[in-house]
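Here's the structure we're looking at; comments come further down.
As a basis for the values below, the full set of heavy atoms in this structure was taken, side chains included, without hydrogen atoms, waters or symmetry mates.
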Amino acid sequence: MKSSLKIDRFPFYAETFIVDAAGRVRLSTLCSQMLACGGRHGEARGFGATSTLGWVLARMAVQVERVPMRCERYYVETWVRNIYHGFTDRCFRVVDEEGNLLASSIATFALMDLKSRTSVDLNGDIGQRLLECILPDEPLPMRRIPSISRTTVEEVTFRRRPQYSDVDINGHMNSIRTLEHILDSFPLSYMNTHIPTHFVISYMQEGAATEELSYGIKQIGDNHYLAQVTKENGAPASRCELKFTPVNG
């Protein structure tokens, strides 16, 4: 399969309802759009989600060069980079109308049997379809998902029990809503004057809709933070690292 046939490109428009108070497309919205494009890319090639199988996000890293602004047209490009140990890495590239890079991302997924909640072997037909679409050397600023700092996050910033808008089709805490809760913990004045330009998250355990989750946020450098989400039993549900850049002017 030619490289051009292994990459899909999807158009987007920064509607008023997807931007923040500063007119920027929210990071969580951009991530949602990328994940949706990945799903559509897989469905078109025979390895998309079904009523019994679903792709579960394990890790995701995003590097932002420039945030799309209100009324701007932009595009999300996506392809599969590799398969390893039951996981697959999917790449994303966000570009403007002139082809300038706005953001890039790598996300690691596992294929899950939705009934048994066990991972699916990628050595079968689905894995073969994936192999036919792999582009290991397609240019992207990131070659791999960076490691998250091991700094301990002990203090609980806030607690929240999942609500209607938090829960996905599997009855668990939605991965993007986790990101939104973390970003909501920062003061609005800070978010209006800073842009999240580096973000890495690792999802260790699913958060059930019935359990309260504890969120801890710790500053470890200049505009540099760690966040950890912990389940009621003390086990970490997810952990992420964020870096912000002040807005010029």
Side-chain angles (χ1 to χ4, degrees), residues 1-14 25 27-49 53-68 72-112 119-148 175-176 179 195-203 240-241 243:
M1 186 183 293
K2 294 181 180 180
S3 295
S4 60
L5 300 179
K6 297 180 181 181
I7 300 176
D8 276 353
R9 181 187 240 216
F10 301 91
F12 288 92
Y13 178 71
V25 174
L27 176 61
S28 57
T29 299
L30 200 60
C31 290
S32 290
Q33 292 171 337
M34 288 190 281
L35 296 180
C37 291
R40 292 167 63 184
H41 176 276
E43 289 170 5
R45 290 161 178 79
F47 51 87
L53 299 175
W55 288 103
V56 177
L57 181 62
R59 297 187 300 160
M60 187 174 191
V62 180
Q63 184 69 39
V64 177
E65 309 299 329
R66 181 177 73 79
V67 182
E72 182 176 1
R73 298 187 185 280
Y74 57 99
Y75 303 86
V76 174
E77 300 172 340
T78 184
W79 65 95
V80 178
R81 173 168 281 180
N82 56 12
I83 303 176
Y84 57 97
H85 308 306
F87 294 92
T88 181
D89 283 343
R90 174 175 287 281
C91 296
F92 301 93
R93 193 164 48 211
V94 184
V95 298
D96 63 17
E97 289 196 288
E98 286 72 44
N100 300 309
L101 182 67
L102 300 180
S104 56
S105 174
I106 302 176
T108 300
F109 295 88
L111 187 61
M112 186 78 69
S119 59
V120 175
D121 188 354
L122 293 179
N123 290 321
D125 291 342
I126 291 179
Q128 183 58 43
R129 297 188 195 111
L130 273 165
L131 283 171
E132 294 171 357
C133 294
I134 285 180
L135 278 175
D137 298 321
E138 179 67 20
L140 195 74
M142 287 185 289
R143 290 304 305 169
R144 62 180 181 82
I145 296 179
S147 299
I148 297 175
S175 56
I176 298 301
L179 169 58
I195 300 172
T197 50
H198 172 86
F199 168 72
V200 185
I201 190 165
S202 176
Y203 298 95
C240 76
E241 185 171 346
K243 294 179 182 178

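Here CE of M60 is found 8.0 Å from OH of Y203. Values are rounded to the nearest 0.5 Å. Separation of atoms OG1 (T108) and CG (D89) is listed at 3.5 Å; rounding is to 0.5 Å. Between atom OH of residue Y13 and atom CZ of residue R73 there is a gap of 6.0 Å, rounded to the nearest 0.5 Å. The CD atom of E241 sits 9.5 Å away from atom OG of S147, with the distance rounded to the nearest 0.5 Å. Atoms CG and CG, from D125 and L130 in turn, are 11.5 Å apart once rounded to the nearest 0.5 Å. A distance of 8.5 Å separates CE of M142 from NE2 of H198, quoted to the nearest 0.5 Å.
Within the 4.5 Å cutoff, the side chain of C91 has heavy atoms near those of the R81 side chain. Using a 4.5 Å heavy-atom threshold, the side chains of E65 and T197 count as separate. Inter-residue side-chain proximity for L102 and V67 is flagged as unmet; no heavy-atom pair is nearer than 4.5 Å. Using a 4.5 Å cut-off on side-chain heavy atoms (C-beta onward), F47 and V80 make contact. Within the 4.5 Å cutoff, no side-chain heavy atoms of R90 are placed close to those of M34. Residues F10 and T78 have side chains in contact (heavy-atom distance under 4.5 Å, counting atoms from C-beta outward). Using a 4.5 Å heavy-atom cutoff, the side chains of W55 and T88 are in contact.
Pairing each heavy atom of G38 with each of F92, the nearest pair is N-CE2, 3.9 Å. Residues S28 and I176 share a closest heavy-atom pair of O-CG2, 3.6 Å. A61 and P146 get closest at one heavy-atom pair: CB-CD, 3.7 Å. When all heavy atoms of P68 and L30 are compared, the closest pair comes out as CG-CD1, 4.4 Å.
Looking at T29, its side chain never comes within 3.5 Å of a backbone N or O of V25 through a donor-acceptor pair. Between the H41 side chain and the K6 main chain, a donor and an acceptor come within less than 3.5 Å of each other. Judged purely by atom type and a 3.5 angstrom limit, S104 has no side-chain atom pairing as donor or acceptor with the backbone of L140. Although no hydrogens or angles enter the test, the distance criterion places a donor-acceptor pair under 3.5 Å between the side chain of R129 and the main chain of G46. Side-chain N or O atoms of E77 include none that pairs as donor or acceptor with a backbone N or O of V95 at under 3.5 Å.
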Worksheet item: Stepwise, does the side-chain contact (heavy atoms from CB on, under 4.5 Å) test hold for L179 with L27?
Response: CA-CA 9 Å; L179 169 58; L27 176 61; 4.2 Å; yes
Worksheet item: Where do E132 and R45 land on the salt bridge (charged side-chain N to carboxylate O under 4.0 Å, His left out) test, with the steps shown first?
Response: CA-CA 9 Å; E132 294 171 357; R45 290 161 178 79; over 6 Å; no
Worksheet item: Does the pair R66 and E72 meet the rule for a side-chain contact (heavy atoms from CB on, under 4.5 Å), with working shown?
Response: CA-CA 12 Å; R66 181 177 73 79; E72 182 176 1; 2.6 Å; yes
Item to complete: Check step by step if side-chain contact (heavy atoms from CB on, under 4.5 Å) holds for L111 and I126.
Response: CA-CA 10 Å; L111 187 61; I126 291 179; 3.6 Å; yes
Practice prompt. Check step by step if side-chain contact (heavy atoms from CB on, under 4.5 Å) holds for W79 and C133.
Written response: CA-CA 8 Å; W79 65 95; C133 294; over 6 Å; no
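Ring geometry for F12 against Y74 counts as parallel: the plane angle stays under 30°, on a 0 to 90° scale with 60° as the upper cut.
Using modelled atom types and a 3.5 Å distance limit, the side chains of Y75 and D96 yield no donor-acceptor pair.
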